[in-house]
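So that we are looking at the same thing, I have put the structure below in structure tokens.
Residue numbers begin at 1 in each chain, while the letters A, B, ... track the order of the sequences.
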Number of protein chains: 2
Amino acid sequence: MGYSIKTISQKSGLSQYTLRYYEREGVLPEVARDEHGNRCFHDEDLELISLICCLKDTGMPIADIKQFISLSKEGHSSLSEQRRLLQQHKVHIDEKIKFFQTFAEKVEHKIAYFASLEEQAETENNEA
Amino acid sequence: MGYSIKTISQKSGLSQYTLRYYEREGVLPEVARDEHGNRCFHDEDLELISLICCLKDTGMPIADIKQFISLSKEGHSSLSEQRRLLQQHKVHIDEKIKFFQTFAEKVEHKIAYFASLEEQAETENNEA
DNA sequence: TGTTGACTTACACTTAACTCTAAGGTCTAC
DNA sequence: GTAGACCTTAGAGTTAAGTGTAAGTCAACA
């Protein structure tokens with residue numbers, strides 16, 4: 001039978017607007033319809049949506065995701081190209097992790113700095 | 001004497017447009033001017049810009065950065081509030097790092113999966 | 001039977017964060 | 001003395017990624 005757009009919205013955390021937008025934009029391949037023309041999602045769709053969210057949330061632009069997904073339709077010949085794109089993205093994610101770790105440290109230092117300023121201010125208050 | 005906007009643009013990696021935009025929006029506190037009305041940045045500005053970039057690049061929205069920066073003008077009384085905001089943001093960064101690490105693994109698996117499919121396809125090719 | 005709720009499409013609107021353009025001022029070098 | 005490289009502001013335009021609205025279909029329920 002398949003899932004309604006409402007169900008998929010709840011399961012994926014994407015709004016119904018966003019799901020329709022993704023299909024419209026070709027990010028999500030055409031979703032099957034029931035006899036009334038209503039979208040009828042299946043488990044494969046849900047899996048694909050999960051991959052799309054993963055790519056999106058790690059900073060891949062919608063346009064790139066679309067390109068990646070569209071390769072799936074071309075079957076075996078595009079497997080290595082898909083793999084290449086994922087590998088490229090993996091490098092990107094790893095860089096981002098390093099970057100974030102560095103910045104987490106910076107922020108940590110800044111926090112310590114603010115704490116020391118506060119302490120200093122308090123000491124001065126007590127002396128006055 | 002201070003640095004021109006061009007110099008700061010080069011040093012910070014932000015475009016001149018962006019630097020003016022940040023000042024306009026109050027993300028960057030008012031920059032000093034020379035006798036011709038041209039912006040005249042100093043080392044403190046550069047430091048602040050570096051902090052702003054750090055916050056921005058770790059996902060803090062411009063509006064929140066603005067709020068954080070504006071607290072600086074209020075002196076000692078706002079130190080603990082500034083520290084609180086930074087701590088909050090630090091939590092956010094740490095979550096993001098974890099999230100990215102999980103997704104890096106997912107992508108890794110996907111890559112392995114594609115590689116196995118390719119291998120399979122190749123074997124079938126050789127047999128045919 | 002009529003109204004409520006879930007769905008559809010097409011299209012307009014929003015938001016964040018820039019990015020560019022136009023029109024103009026000032027300084028330096030030939 | 002004028003061309004070129006700087007800078008200025010105000011305000012318009014762009015891009016990505018949604019988000020919302022209007023008008024309509026359809027099925028189930030009181």
Side-chain angles (χ1 to χ4, degrees), chain A residues 1-42 45-46 48-70 89 92 96, chain B residues 1-42 45-46 48-70 89 92 96:
Chain A
M1 288 283 324
Y3 311 106
S4 71
I5 194 166
K6 187 180 187 183
T7 308
I8 293 297
S9 168
Q10 284 160 351
K11 285 192 188 225
S12 68
L14 298 176
S15 73
Q16 298 188 23
Y17 297 139
T18 304
L19 288 166
R20 292 198 194 98
Y21 165 70
Y22 280 3
E23 190 186 358
R24 212 162 55 229
E25 294 294 305
V27 175
L28 202 55
E30 276 193 32
V31 178
R33 302 304 172 113
D34 66 10
E35 67 274 24
H36 306 303
N38 291 0
R39 284 174 188 79
C40 192
F41 291 85
H42 296 97
D45 296 313
L46 201 51
L48 203 54
I49 289 169
S50 148
L51 176 60
I52 289 169
C53 286
C54 164
L55 295 174
K56 187 195 66 169
D57 292 341
T58 49
M60 189 184 278
I62 294 297
D64 291 11
I65 298 176
K66 176 180 168 172
Q67 193 203 339
F68 174 79
I69 296 294
S70 74
H89 186 58
H92 177 78
K96 230 165 182 173
Chain B
M1 285 284 325
Y3 311 106
S4 73
I5 194 165
K6 187 179 188 183
T7 307
I8 293 297
S9 169
Q10 284 159 349
K11 285 193 188 223
S12 68
L14 298 175
S15 74
Q16 298 187 23
Y17 297 140
T18 303
L19 288 166
R20 291 196 196 98
Y21 165 70
Y22 280 3
E23 190 186 359
R24 214 162 53 230
E25 294 294 303
V27 174
L28 201 57
E30 276 194 32
V31 178
R33 304 302 174 113
D34 66 11
E35 68 273 24
H36 305 304
N38 291 359
R39 283 174 188 79
C40 194
F41 292 84
H42 296 97
D45 295 314
L46 201 52
L48 203 54
I49 290 169
S50 148
L51 176 60
I52 289 169
C53 287
C54 164
L55 295 174
K56 187 196 65 168
D57 292 342
T58 49
M60 189 185 278
I62 294 297
D64 292 12
I65 298 176
K66 176 179 168 173
Q67 193 203 340
F68 174 79
I69 295 295
S70 74
H89 185 58
H92 177 78
K96 228 164 182 174

Any donor-acceptor N/O pair, A:Thr58 side chain to A:Cys54 backbone, under 3.5 Å: yes
Residues that B:Lys96 engages under side chain to side chain contact (heavy atoms under 4.5 Å, CB included), provided they are two or more places apart: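 For B:Lys96, the residues satisfying side chain to side chain contact (heavy atoms under 4.5 Å, CB included) (neighbours in sequence not counted) are A:Phe100, B:His92, B:Phe100.
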Partners passing side chain to side chain donor-acceptor pair (under 3.5 Å) against A:Thr7 (at least two apart in sequence or in another chain): A:Ser4
Sequence-aligned protein contact record of nucleotides 6-18 of chain C, with B where the base is within under 4.0 Å of a protein heavy atom and S where only the sugar-phosphate is: SSBB-B-----BB
All side chain to side chain contact (heavy atoms under 4.5 Å, CB included) counterparts of A:Ser9, not counting sequence neighbours: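 Counting only residues at least two positions away or on another chain, A:Ser9 forms a side chain to side chain contact (heavy atoms under 4.5 Å, CB included) with A:Gln16, A:Leu19.
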Heavy-atom pair with the smallest gap, counting every atom of B:Tyr3 and B:His42: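 Taking every non-hydrogen atom into account, CE1-C, 4.1 Å.
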Boundaries of the DNA chain D segment in contact with chain B, non-hydrogen, under 4.0 Å: D:dC6 to D:dT9
Evaluation steps, side chain to side chain contact (heavy atoms under 4.5 Å, CB included), between B:Leu51 and B:Phe68: CA-CA 11 Å; B:Leu51 176 60; B:Phe68 174 79; 3.8 Å; yes
Any residue meeting salt bridge (Lys or Arg N to Asp or Glu O under 4.0 Å) with B:Glu23, in chain and number order, not counting sequence neighbours: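 Listed in chain order: B:Arg33, B:Arg39.
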